[in-house]
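No experiment lies behind these values; they were computed from the predicted model shown.
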Amino acid sequence: MKSKCIIIGFLLSFSFFTPLLYAEEIQVSVMFEPKQRRAFSIVFQDFFNETGIKIRTIPRTDAAYKRDLSVWLLEGKQTPDVLYWQASQRLFFYAKKGVLHPITQLWNENNFDQYFSHVKSGVTYNDEVYAVPTSYYHWGIFYKKSLIERFGGVQHTWESFIDQCKQLKDAGVTPIGIGTKEGWPAAAWFDYIDLRTNGLEFHQQLLAGSISFHDQRVQNILVEWKRLIDQGFFNENSKKYTWHALLPEFYRNRIAFFLIGNFATSKWPQLIVEDIGFMPFPKMKDIPLYEDAPMDVFMIPKNTKKLKEAEMFLKFMARADVQSQLNKELGFLPPNKDGVVGEDPFIQAGAKLLQKAKGVSQFFDRDTIPEFDKKAVPILAEFLNSGDLENASNRLEKARIEVFGVE
C-alpha cells in the first residue's frame, strides 16, 4: 500500500511539472553587445513565466548578425522563429523578398495604432505591417550649458542658431564639431535639414530614389548646409576624425555643438555630465517637427513552424510594461506611447522630444537601401569639406540613377 501511494504521488508530481518540462520553445535571434544580455534575459524570462514558452536566444554581435540574418531569411537555413532587426528600408528589403510573415491582422486586432501610430510608417510596407517596434533612441544637438549660456542660451530657430554660431566663431570657439572618418555623421545634417524644410514623407521618397537630387527642394537642403560650411562653423579636417575623437575639445569648451545620437552620452565624463545639455535641431519652416530616431523591431520569418507562439511573443514585446523594463536596462526609449521612461536626464529629454514629434525618420542609412547609402554618404562627407554644391548634386543624382534605375 505504501509503495502504491509513492507511485501515485510520483505520477501526480510528474504530471504537475510536465507542462514546464515539455513546454513549447521558440528561437529568438537578438543582436546585442555582451553588456546588454541582462536586459533581454529579464524580459525573456518574464515571457516564459507567463506563457510556459521557453525562449532559446540566438545572440550575435553586429557584423555576425547581419551576415547570419541574410542566411536565415534568404537561404532559409536554421531560421529562428522570431528575428530582431531594424525598421524602415532594412526591414522592407526582406518584406519585398516575401520572406517575412505580415502581422497586419495581429496589429489591428490589438489596436496597436493606439500605441505606435507615430512610428507605424517604419514597419509598414505596401499597406502591410511586418514588425513590432521595441526600442528606439533620439538624435539632437548636445552642448555645454556653461558655454552656451554666455552666448545667449539655447536657440530654437535656424536663423538665431546661425547668429549664435557667428558669435561663437568670433570668440574663437568652433561652433560645430563633427568627425566624418566613417562618413555617416555627415548624413545627420542632410537628414535634419531635409526633415525641417521638406518633412518626413518627402525625405522618405527622396531616399527611396523617387525624387531627383536636382529638384529645387533638394537643392535647398544643400544651400542651407552650405551656409554653415562657407562660414567655417565646422571644425577643419573632419575626415581625419571619428565622431568621438573630438569629444575632448567639446569638454574643454573649444567646440560648442555636436549633432549626434543619444549613444554619445555613454562617453560623457562623470565630472562634467551635469554641464552637458540637449536641444532639438532648430526649427526652419512652419511645418510639423520630425526627428531622427533609429528603431529596433522584432519580426517573424515566413517559414516559422511556430507562428502562434511567435505572435504571442510579439504581443508580449509590444506591451508598455515590457518595453519599459527592457529599455530602462538598455538605456533606450520605449516606442509604446504608454511606456515609462528611465530616469536618465538625457533619456527624459529624448522622450519629450519624440512625444512632440509628428513622426520619425530612421536615419539616412536605414531609410535608404545599402547600395545607395554606400555611394551617397561619402559624397555628403566630402561636401562638408568642400562646399561644392554642384559637384555634390551631380554625383548624388548619378548615384540615384545607377542604384535605383530611374531617370
K.L.:
Check this for me: does any side-chain nitrogen of one of Asp81 and Lys306 sit under 4.0 Å from a carboxylate oxygen of the other?
P.N.:
no

K.L.:
A side-chain contact here means heavy atoms from C-beta on lying under 4.5 Å apart; do Arg38 and Glu329 qualify?
P.N.:
yes

K.L.:
Ignoring hydrogens and geometry, is there a side-chain-to-backbone donor-acceptor pair from Asn235 to Ile178 under 3.5 Å?
P.N.:
yes

K.L.:
Look only at the side chain of Lys169 and the backbone of Pro175, and say whether a donor-acceptor pair between them is shorter than 3.5 Å.
P.N.:
no

K.L.:
Just wondering, do Phe47 and Ile53 contact through their side chains at under 4.5 Å, heavy atoms?
P.N.:
yes

K.L.:
So, Asp367 versus Ser88: side-chain donor-acceptor pair below 3.5 Å or not?
P.N.:
yes

K.L.:
Using a distance-only test with no angle check, is there a side-chain donor-acceptor pair under 3.5 angstrom linking Ser160 and Thr157?
P.N.:
yes

K.L.:
May I ask you to decide if the ring planes of Phe278 and His138 are parallel, tilted or perpendicular, using 30° and 60° as cut-offs?
P.N.:
perpendicular

K.L.:
Within the 3.5 Å criterion, strictly below it, is a donor on Glu224 or Thr197 matched to an acceptor on the partner's side chain?
P.N.:
no

K.L.:
Can you establish whether the number of heavy atoms outside Glu274 located under 6.0 Å from its atom CD is more than 12?
P.N.:
no

K.L.:
Would you check if Lys54 and Glu24 make a side-chain contact, meaning some heavy-atom pair closer than 4.5 Å?
P.N.:
no

K.L.:
Rounded at 0.5 Å granularity, tell me how far CG in Leu384 sits from NZ in Lys226.
P.N.:
12.0 Å

K.L.:
Is the shortest side-chain N to carboxylate O distance from Arg90 to Asp296 below 4.0 Å?
P.N.:
no

K.L.:
Can Tyr192 and Trp225 be said to form a ring pair (Phe, Tyr, Trp, His ring centres under 6.0 Å), step by step?
P.N.:
CA-CA 10 Å; Tyr192 262 107; Trp225 194 4; over 10 Å; no

K.L.:
Check for me whether the distance between the ring centres of Tyr84 and Phe32 falls short of 6.0 Å.
P.N.:
no

K.L.:
Carefully, step by step, assess Asn220 and Gln216 under the rule side-chain hydrogen bond (donor to acceptor under 3.5 Å, both in side chains).
P.N.:
CA-CA 6 Å; Asn220 292 340; Gln216 188 57 51; 2.9 Å; yes

K.L.:
Do we see a donor-acceptor contact under 3.5 Å between the side chains of Gln105 and Asn108?
P.N.:
no

K.L.:
Apply side-chain hydrogen bond (donor to acceptor under 3.5 Å, both in side chains) to the pair Gln355 and His118, showing each step before the final yes or no.
P.N.:
CA-CA 9 Å; Gln355 283 169 1; His118 57 309; over 6 Å; no

K.L.:
Quick check: do Tyr65 and Leu83 have side-chain heavy atoms less than 4.5 Å from each other?
P.N.:
yes

K.L.:
Please step through side chain to side chain contact (heavy atoms under 4.5 Å, CB included) for the pair Glu25 and Ile55, ending with a clear verdict.
P.N.:
CA-CA 6 Å; Glu25 178 183 270; Ile55 293 176; over 6 Å; no

K.L.:
Quick check for you: to the nearest 0.5 Å, what is the distance between Leu206 atom CG and Phe190 atom CZ?
P.N.:
5.0 Å

K.L.:
Applying side chain to side chain contact (heavy atoms under 4.5 Å, CB included) to Ile103 and Val132, what does each step give before you reach the verdict?
P.N.:
CA-CA 9 Å; Ile103 62 162; Val132 164; 3.7 Å; yes

K.L.:
Among Phe234, Phe250, Phe161, which residue meets the ring pair (Phe, Tyr, Trp, His ring centres under 6.0 Å) test with Phe257?
P.N.:
Phe161

K.L.:
Do Phe281 and Leu289 make a side-chain contact, defined as non-hydrogen atoms from C-beta onward lying under 4.5 Å apart?
P.N.:
no

K.L.:
Looking only at atom types and distance, does a side-chain atom of Asn126 sit under 3.5 Å from a main-chain N or O of Glu128, one as donor and one as acceptor?
P.N.:
no

K.L.:
Of all the heavy-atom pairs spanning Pro248 and His244, show the shortest one and how long it is.
P.N.:
CD-O, 4.1 Å

K.L.:
Would you say Ser212's side chain and His214's backbone share a donor-acceptor pair under 3.5 angstrom?
P.N.:
yes

K.L.:
Could you grab the distance from atom CZ of Phe233 to atom SG of Cys165, nearest 0.5 Å is fine?
P.N.:
5.0 Å

K.L.:
Could you verify whether a donor N or O on one side chain and an acceptor N or O on the other, from Lys337 and Ser117, lie under 3.5 Å apart?
P.N.:
yes

K.L.:
May I ask you to decide whether Glu390 forms a salt bridge with Arg395, counting only side-chain N to carboxylate O separations under 4.0 Å?
P.N.:
no

K.L.:
With a 4.5 Å heavy-atom cut-off, do Phe116 and Lys120 have their side chains touching?
P.N.:
no

K.L.:
Distance check, rounded to the nearest 0.5 Å: Gln86 atom CD versus Met31 atom CE?
P.N.:
4.5 Å

K.L.:
With the side chain counted from C-beta on, respond yes when Leu100 and Lys302 share a heavy-atom pair under 4.5 Å apart, and no when they do not.
P.N.:
no

K.L.:
How are the rings of Phe263 and Trp184 set to each other: parallel, tilted or perpendicular (split at 30° and 60°)?
P.N.:
perpendicular

K.L.:
Take Phe383 and Ile229 through the side chain to side chain contact (heavy atoms under 4.5 Å, CB included) test and state the conclusion after the steps.
P.N.:
CA-CA 9 Å; Phe383 175 70; Ile229 296 167; 3.6 Å; yes

K.L.:
Checking Tyr143 against Phe151 for the side chain to side chain contact (heavy atoms under 4.5 Å, CB included) test, could you report, in this order, the C-alpha distance in whole Å, the side-chain angles of both residues, the deciding distance, and whether it holds?
P.N.:
CA-CA 12 Å; Tyr143 63 94; Phe151 290 87; over 6 Å; no

K.L.:
Heavy-atom distance under 4.5 Å between the side chains of Glu382 and Ile379, does that happen here?
P.N.:
no

K.L.:
In terms of relative ring orientation, are Tyr130 and Tyr125 parallel, tilted or perpendicular, with 30° and 60° separating the classes?
P.N.:
tilted

K.L.:
Is the backbone of Phe213 close enough, under 3.5 Å, to the side chain of Glu397 for a donor and an acceptor to pair up by distance?
P.N.:
yes

K.L.:
Quick check against the 3.5 Å criterion: does Arg196 have a side-chain atom that pairs as donor or acceptor with the backbone of Tyr290?
P.N.:
yes

K.L.:
Would you check if the side chain of Ser135 reaches a backbone N or O of Asn327 as a donor-acceptor pair within less than 3.5 Å?
P.N.:
no

K.L.:
Between atom NZ of Lys145 and atom CD of Glu149, what is the distance when rounded to the nearest 0.5 Å?
P.N.:
8.0 Å

K.L.:
For Asn198 and His203, which I'm curious about, is there any donor-acceptor pair between the side chains at under 3.5 Å?
P.N.:
no

K.L.:
Would you kindly say whether Asp215 and Gln219 are connected by a side-chain donor-acceptor distance under 3.5 Å?
P.N.:
no

K.L.:
Could you go step by step and tell me if Ser361 and Gln204 meet the side-chain hydrogen bond (donor to acceptor under 3.5 Å, both in side chains) rule?
P.N.:
CA-CA 8 Å; Ser361 167; Gln204 291 174 331; over 6 Å; no

K.L.:
Answer yes or no: is there a donor N or O on one side and an acceptor on the other, between the side chain of Glu291 and the main chain of Leu353, under 3.5 Å?
P.N.:
no

K.L.:
I'd like to know if the side chain of Ser386 and the backbone of Asp388 have a donor-acceptor N/O pair within less than 3.5 Å.
P.N.:
yes

K.L.:
Strictly distance-based, threshold 3.5 Å: is any side-chain N or O of Gln362 a donor or acceptor partner for the main-chain N or O of Thr368?
P.N.:
no

K.L.:
Looking only at heavy atoms, which two atoms of Val123 and Pro133 are closest? And how far apart?
P.N.:
CG1-CG, 4.2 Å

K.L.:
Could you walk me through whether Phe298 and Phe313 pass the ring pair (Phe, Tyr, Trp, His ring centres under 6.0 Å) test, one step at a time?
P.N.:
CA-CA 9 Å; Phe298 276 111; Phe313 177 79; 5.4 Å; yes

K.L.:
I need the Leu147 CG to Asn253 CG distance, nearest 0.5 Å.
P.N.:
4.5 Å

K.L.:
What I want to find out is whether Asp68 reaches Arg60 closely enough, with some N-O distance under 4.0 Å, to be called a salt bridge.
P.N.:
yes

K.L.:
Could you walk me through whether Trp107 and Asp113 satisfy the side-chain hydrogen bond (donor to acceptor under 3.5 Å, both in side chains) test, starting with their C-alpha distance in whole Å, then the side-chain angles of each, then the deciding distance to 0.1 Å, before giving a yes or no?
P.N.:
CA-CA 8 Å; Trp107 186 283; Asp113 275 354; 2.8 Å; yes

